[in-house]
Amino acid sequence: MNIHEYQAKALMRPFNIALLDGGVADTVEGAVEVAKKLGGSVWVVKAQIHAGGRGKGGGVKVAKSLVEVKTYAEQILGMQLITHQTGPEGKKVLKLFIEQGCAIEHEYYVGIVLDRTTGKPAFMVSTEGGMDIETVAHNTPEKIIKAQIDPATGFTSAHGRKLGYALGFKGETLKKAMKFFDGLYKLYIEKDCSIVEINPLVTTKTGDVIALDAKLNFDDNALFRHPDIEALRDVTEESAQELEAGKFGLSYVSLDGNIGCLVNGAGLAMGTLDILKIYGGEPANFLDVGGGATKETVQKAFSIILEDQNVKAILVNIFGGIMKCDIIANGVVDAAREMGLKVPLVVRLEGTNVALGKKILAESGLKITAANDLADAAQKAVAAAKGA
Amino acid sequence: MAILINRNTKLITIGLTGKQGSFHTLQSRDYGTNVVGGVTPGKGGMVHEGIPVFDTTYEAVKATGANAAMVFVPPPFAADSIIECIDSEIPLIIAITEGIPVNDMIKVKAALKGSKSRLIGPNCPGVITPGECKIGIMPGHIHMPGNVGVISRSGTLTYEAVFQLTQREIGQSTCVGIGGDPVNGTNFIDILEMFENDPETKAVIMIGEIGGTAETDAARWIKANMTKPVVSFIAGAAAPKGKRMGHAGAIISGEDDSADAKFKVLQECGVTIARSPAELGQKVAEVLKKA
């Protein structure tokens, strides 16, 4: 799960991470109010959307007067902000974060992610702050310094020194940086983050070490023990279809193509998308109905797939292990009948009670194309979507 | 022979009396698995479907001499149950539970180090040695005893591969689902090594996914150590880019973790690749003919 920068910073404060003062607003007047309350002479007006690259897209502006705060707030609020992470349609800006300005001396990158190879959280830091870390990793991998944290020791001063000296910190700055690393690691563990990214972390001309931006992602599997974080969910940032699917235990991701897919199991669902592409088709979605699908969930899956106007054909690919083919077949037939399905339907069933499942489909009187195996199913679905 | 489990495996189920735990334990018993007990705190002394229930794993192991445990405990408590199994020195722990928090698994992984236990999973279909022993949620009837080892991160995609083999009358020595979670107990390489040393296994299917470097690490290990042919498919070539997590994880290891990158490394390391999941059976038939 993702949250906004302003929410991330509110979570970070109790962990002794130095931040600038700021406030959130969803109107232009509100933005000016926040700036007035903060005082000072420089403010940064920041679009709050769940995507990186906001600055380059025109979603972050430095204002040197309250008039400028107003001008920038008017510009940014309500705009479709396009960044390399939003897709070409961009995201509408509904909230602004107004923050005090500061005199930056240098920008750094600091991130914590899981290292899957070792099964430990790992720090990644770089002197190349403010840049896309992928670009740094690609062009100058030697500028990324890593530290693995063993869960038995947790974060130690040794880790802090390794990272701090690697970034060239000394004296008071080193102490402040070590305190920051320690707080960030505690946050990562206590809040069950899956990624913590501070880009940039800055040193200021007044000698402070400040987290200027903050991106936190959370482990969805751990949200059950963090109702405070669940409460931060911004549904306007999430796909309505994906949310709806989630309520029924379905895992759905919308894609650009025209072949709707209904599959059981994430691996087989991915494999189904792959084989459609191999035969020249373009999948409209990833949809995993899970291991315990019922007639109702199958119907729900159909209705979510059909909300996508691009869908020209539907491929159902079920390998019934625990899930019985006859139950799926009944669900498919009922859904097709009740919804008056207009697009061609290709069904491939295999596994437990397959003969019974195929019989139900054949005797339904519906126009369902039965497929013999995975390759046959993909070829038939591609042909159906092309109107052949 | 086969690997991990066989006729002599004695199984206990942790979370036996739950709906899922009960159903799949009975399915496994029907397949021929020797189920000797179960654990549900507070229900010790009960007999569930003819299976004795214990309050703790420690008691269950002491009373039954179990050498394998299947974990069906809900996600919030699953890591605790796995640690209890490790503490009870059960040699093989197979965790089916899906949705365990990553930080919990980080602790489990640390607890496994230097212990007497091996963990398979979590978030996996389990392990089956066809005709001898089934521990997990896979449909037993699609399997057939034979000489092909199967390792996979996915559930249904494994069934697909097994089905293609059985249709061609190519049997399996053992099929192992290592699970789809970012932190798991056993990796491809561990299982590949067991298959390499298992006289019954003549060829191996390895089914991977996008994300992480387990498949590329395995590819290099295969090149250096494996004499038996390996056929591999990586799911997710068509998956959209932009899941940031995968990329950040890949930066840590300095490796591209897309399907194309993995296919490339596998091929360079002498693994036979199946670009389509529908080709797995055919490719195995081809390598077996050559061998």
Side-chain angles (χ1 to χ4, degrees), chain A residues 52 85 87 111 113-122 124 133-134 137 141 144 146 150-152 189 192 194-195 197 217 219-222 224-225 253 255-256 263-278 283 286 291 319-322 350-352 373-376 378, chain B residues 23-24 27 75-76 99-107 109-110 125 137-139 141-142 152-160 163-164 180-184 207 209-214 217 233 235-240 242 244-245 247-254 259 275-279:
Chain A
Q85 286 181 5
V113 292
L114 170 75
D115 183 341
R116 296 169 64 137
T117 316
T118 56
K120 290 176 190 172
M124 276 195 290
I133 194 66
E134 277 92 346
I144 296 179
K146 299 160 196 169
D150 192 293
I189 295 295
D192 279 303
S194 55
I195 182 165
E197 206 171 40
N217 272 20
D219 177 4
D220 290 330
N221 287 346
F224 69 86
R225 58 190 175 203
V253 179
L255 303 170
D256 297 331
V263 189
N264 67 327
L268 190 60
M270 265 200 275
T272 304
L273 307 186
D274 295 344
I275 197 167
L276 281 172
K277 282 222 170 182
I278 286 171
F286 167 99
F319 204 108
I322 300 323
E350 204 52 75
T352 311
D373 57 38
L374 187 52
D376 185 42
Chain B
F23 177 79
H24 292 294
Q27 292 272 312
I100 302 178
V102 171
N103 278 347
D104 291 6
M105 279 310 301
I106 288 174
K107 285 183 198 154
K109 185 119 183 157
I137 59 174
M138 68 292 278
H141 66 87
I142 61 168
S152 172
R153 269 167 76 178
S154 144
T156 42
L157 203 47
T158 318
Y159 311 161
E160 176 71 45
F163 181 73
Q164 288 177 28
D181 279 4
V183 180
N184 59 10
I207 300 169
E209 283 176 13
I210 47 172
T213 58
D217 295 343
F233 170 72
R244 190 71 203 289
M245 183 58 202
H247 294 302
I251 288 170
I252 279 285
S253 61
R275 276 275 169 180
S276 159
E279 286 175 351

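Below, chains carry the letters A, B, ... as their sequence lines are ordered, and counting in each starts from 1. These numbers come from a predicted model, not from an experiment. In what follows, every heavy atom counts, from backbone to side chain, and hydrogens, waters and symmetry copies are set aside.
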Give, as side chain, backbone, both or neither, the part of B:E160 having an atom under 4.5 angstrom from any heavy atom of chain A.
-> both
Sequence neighbours left out, what passes salt bridge (charged side-chain N to carboxylate O under 4.0 Å, His left out) with B:D181? Give chain and number order.
-> none
Output the option from A:I275, A:L276, A:V263 having the highest count of non-hydrogen pairs under 4.5 Å with chain B.
-> A:I275
Of the non-hydrogen atoms in A:R225 and B:D104, which two are nearest, and what is the gap between them?
-> NH2-OD1, 2.8 Å
Checking heavy atoms, do the side chain of A:T272, its backbone, both or neither come under 4.5 Å from chain B?
-> neither
A:D376: salt bridge (charged side-chain N to carboxylate O under 4.0 Å, His left out) partners, not counting sequence neighbours | A:K380
Heavy-atom contact with chain A under 4.5 Å, split by part of B:I142 = side chain
Shortest non-hydrogen contact from B:E209 toward B:S154 = OE2-CB, 3.6 Å
Checking A:D274 against chain B: side chain, backbone, both or neither under 4.5 Å from a heavy atom?
-> both
Contact part of A:A152 toward chain B, heavy-atom cut-off under 4.5 Å: side chain, backbone, both or neither?
-> neither
Counting heavy atoms not belonging to B:K107, are there more than 12 under 6.0 Å from its NZ?
-> no
Of the backbone (N, CA, C, O) and the side chain (C-beta and beyond), which part of A:F319 lies under 4.5 Å from a heavy atom of chain B, both, or neither?
-> both
So, A:E350 side chain and B:Y159 main chain: donor-acceptor pair closer than 3.5 Å or not?
-> no
Taking the side chain from A:D115 and the backbone from A:A122, do they hold a donor-acceptor pair closer than 3.5 Å?
-> no
Whatever's closer than 4.5 Å to a heavy atom in chain B on A:L273 counts as both
Honestly, the part of B:I100 sitting under 4.5 Å from a heavy atom of chain A is backbone
